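Values below: all heavy atoms of this structure, side chains included; hydrogens, waters and symmetry mates excluded. For clarity, every value in this text was computed on a predicted model and none was experimentally measured. In what follows, chains carry the letters A, B, and so on, assigned in the order in which the sequence lines appear, proteins first and then strands, with residues in each chain numbered from 1.
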Amino acid sequence: MRYNFDFASLQEYWPEFLRGALMTLEMTVIACVLGLVIGVFCAIGRRGKRKWLATLCGAYVEIVRNTPYLIQIFFIFFGLASAGLKLPIFAAAVLTMVFNVGAYTAEIVRAGMDTIHPGQIEAAEALGLSTPQIYWDVILRPSLERVYPSLSGQFVLMMLSSSVTSQISAEELTGVANSVQSESFRSFETFIVVAVLYFAMAMLLKFAFHLFGQAIFPRRRRLGTPL
Amino acid sequence: MSAVVKLHDIHKSFGSVEVLKGVSFEIEKGEVVAIIGRSGSGKSTALRCINRLETIQSGTLEVCGHRVDDQSLDLRALRQDVGMVFQSYNLFPHLTVEQNITLAPRRVKGVPNREARALALESLQRVGLAEKIDAYPEQLSGGQQQRVAIARSLAMQPKVMLFDEVTSALDPQLTGEVLRVMETLARGGMTMAVVTHEMAFARRVANRVIFMHQGKVWETGPGDMLADPKTAELRDFISNGL
C-alpha cells in the first residue's frame, strides 16, 4: 500500500477547522451545564415521594439510555420540524445534546445521592435544616464530589458524541471535516487532522475539569482522598 | 419547676411491630435523664420521637412548648430547641469542622458568615477541640468526631439535648473523653436525655434513670436505683450488662 500524504493542501482550511472545533466546544459547554441542571432535578425527582414524577423521570432516563443518539437527534430535529417548530440547526443540535446528556447525568447523580447515608440526612433534619437546604448542602454537594470523575468522563464523551450532530448539518468539527474533505479530496488527511483535534480537545476538557474540580471541592484539594 | 419534655401514653409501631406501648415520662428543666434498657426495648425510638425523627401513633408529646404530636407542628422551630447527637456521629464529611458547626446557624438562624467562625470556636472550646477547627472529619478520631458533633449541636443553643448511644461506637478510652464532655454539659445545667449503655455514667451523672423494657417504662428512679433494682427485669439487665 502506497499513499502520499498531503497535509499541505489542507492548510487553507485551518480557519474552518478552528471554527468547527470552537463550535464543538461551545455546544459541549452549553450541553453540559444544562444537562447537569436537568440531571440533578431528574435525579431528585426519581428519588422523591411523588410517584408520577419519579415515573416520568425514570421513563426519560431509560428511553434516552436505551436508544441510539443518532435516532434521538432525528427524532427531535424532524419531530419538532413536523410539529411546526423550526429551530436553527445550532439550537436543535444543542437541544439533542442536552436531552441526551441530561439522562446520563441524572443516573450518575442519582448513584451519588444513593451513597449518602440516611444518618447524614437525619443529622441535618435534627439541626433544623429545611428539605431544600438538606438537598443542597448535605446530599448534592458530597454526591457531586463523589461522582465528579464519572461526571466529567461523561461530559468528555458527550463532546465526542457531538460529532453525530453533523448528521443534521451542524457546522461543528465533524461537519466541517465533511465539507473540507469533499472540497479538497483529501479525506484521509482531513480525518487524521480531525481525530487529532478531537483528542486534543478531550485532553483539554479533562484538564479543565480537573482544575474546576480542585476549585469547587476544597476537601479533595487539601486531602487528595476520595470522599 | 415545669417539665420541658412531656411524654404521655406514647404508642409507636413500625408496621405491625409495636415498639412503644404507652410510654410516659417527663424531663424537668436542667435535669439529666439516662434511658437504659436492652436493644429493642424502645429507648432509642422514644428518644427519636422527642424531636420527631419518628412520628407517634397516639399519645401526647410536648417539648419546650411545641406540641410534637400535632400535625401542624412547626418542625424547624422544634428542632432549633432540641439538639441531637447520634451513635455514628454523622458529621458532614465534605465540610470542615468549622463548616459542620456553622452550617445550621448560618442556614437556619441566619448567622452572618463573619460571625460564624467565632461561634464555631466558642462551641469547640466547650468540647476542648478548638485546635481542630479547620480539620476535616476524616482527620479526627472517633472520639473527636463525636465531640465535634456535640459542638455542632451546641452551636444551635438548644434547650434540650438528646444523646442516642453516642459512645457505643467508641473504644473505652475515647468513650471517656466523650462522657467527660457530656458530664461538663450536665453540670452546666443543660437539660439532657441520654440513651446509654454506660451504667457508671448513668449512676454518677443522671438525676434520674429510666429503665425501658418491652416498649414500656419499667422502672424509674434516681441513679442509685441501679444499685438496688426493684424489678427482676432491671436486676437481670444490670447483672448481665455489667
Legend entry - Exam field: side chain Arg67(B) to backbone Glu62(B), donor-acceptor pair closer than 3.5 Å: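 No, because the side chain of Arg67(B) does not come within donor-acceptor range (under 3.5 Å) of the backbone of Glu62(B).
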
With only heavy atoms counted, which part of [X] is less than 4.5 Å from chain A, the side chain, the backbone, both or neither?
X: Leu53(B); result: side chain
X: Phe86(B); result: side chain
X: Leu91(B); result: backbone

Legend entry - Between Gln139(B), Gln99(B), Glu138(B), His94(B), the one whose heavy-atom pairs under 4.5 Å with chain A are most numerous: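 Top option by heavy-atom pairs under 4.5 Å: His94(B).
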
Legend entry - Heavy-atom pairs under 4.5 Å with chain A, option from Lys109(B), Arg52(B), Arg107(B) with the top count: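 Counting heavy-atom pairs under 4.5 Å, the top option is Arg107(B).
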
Inset, instruction - Go through Ala124(A), Pro142(A), Pro218(A) and name the one with the most non-hydrogen pairs under 4.5 angstrom from chain B. - result: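 The residue among Ala124(A), Pro142(A), Pro218(A) with the greatest pair count is Pro142(A).
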
Legend entry - Greatest number of heavy atom pairs closer than 4.5 Å to chain B - which of Thr225(A), Ile121(A), Leu227(A), Leu127(A):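 The option with the most such pairs is Leu127(A).
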
Legend entry - Verdict with supporting geometry, Val63(B) and Leu61(B), side chain to side chain contact (heavy atoms under 4.5 Å, CB included): CA-CA 7 Å; Val63(B) 178; Leu61(B) 178 46; 4.2 Å; yes

Side chain / backbone / both / neither for [X] at chain B, heavy atoms under 4.5 Å:
X: Ile116(A); result: neither
X: Arg222(A); result: side chain
X: Leu129(A); result: both
X: Glu125(A); result: both
X: Gln120(A); result: both

Legend entry - Donor-acceptor pair between Thr174(A) and Tyr198(A) side chains, under 3.5 angstrom: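 Judged by distance alone, the side chains do pair up.
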
Legend entry - Check: Asp137(A)/Gln133(A) side-chain N/O donor and acceptor closer than 3.5 Å: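 Asp137(A) vs Gln133(A): no donor-acceptor pair found between side chains.
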
Inset, instruction - Count the heavy atoms of every other residue, nucleotide or ligand shown that sit under 6.0 Å from CZ of Phe78(A), and state whether that count exceeds 12. - result: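 More than 12 within 6.0 Å, yes.
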
Inset, instruction - Run the salt-bridge test on Glu28(B) and Arg208(B) with the 4.0 Å N-O cut-off and return the result as yes or no. - result: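 No, Glu28(B) and Arg208(B) are not salt-bridged.
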
Inset, instruction - Indicate the atoms forming the closest heavy-atom contact of Val98(A) with Gly35(A), along with that distance. - result: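 Result for this residue pair: CG1-N, 4.2 Å.
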
Inset, instruction - Specify whether Tyr148(A) and Phe212(A) have parallel, tilted or perpendicular ring planes, treating 30° as the upper limit for parallel and 60° as the lower limit for perpendicular. - result: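 Tyr148(A) and Phe212(A): tilted rings.
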
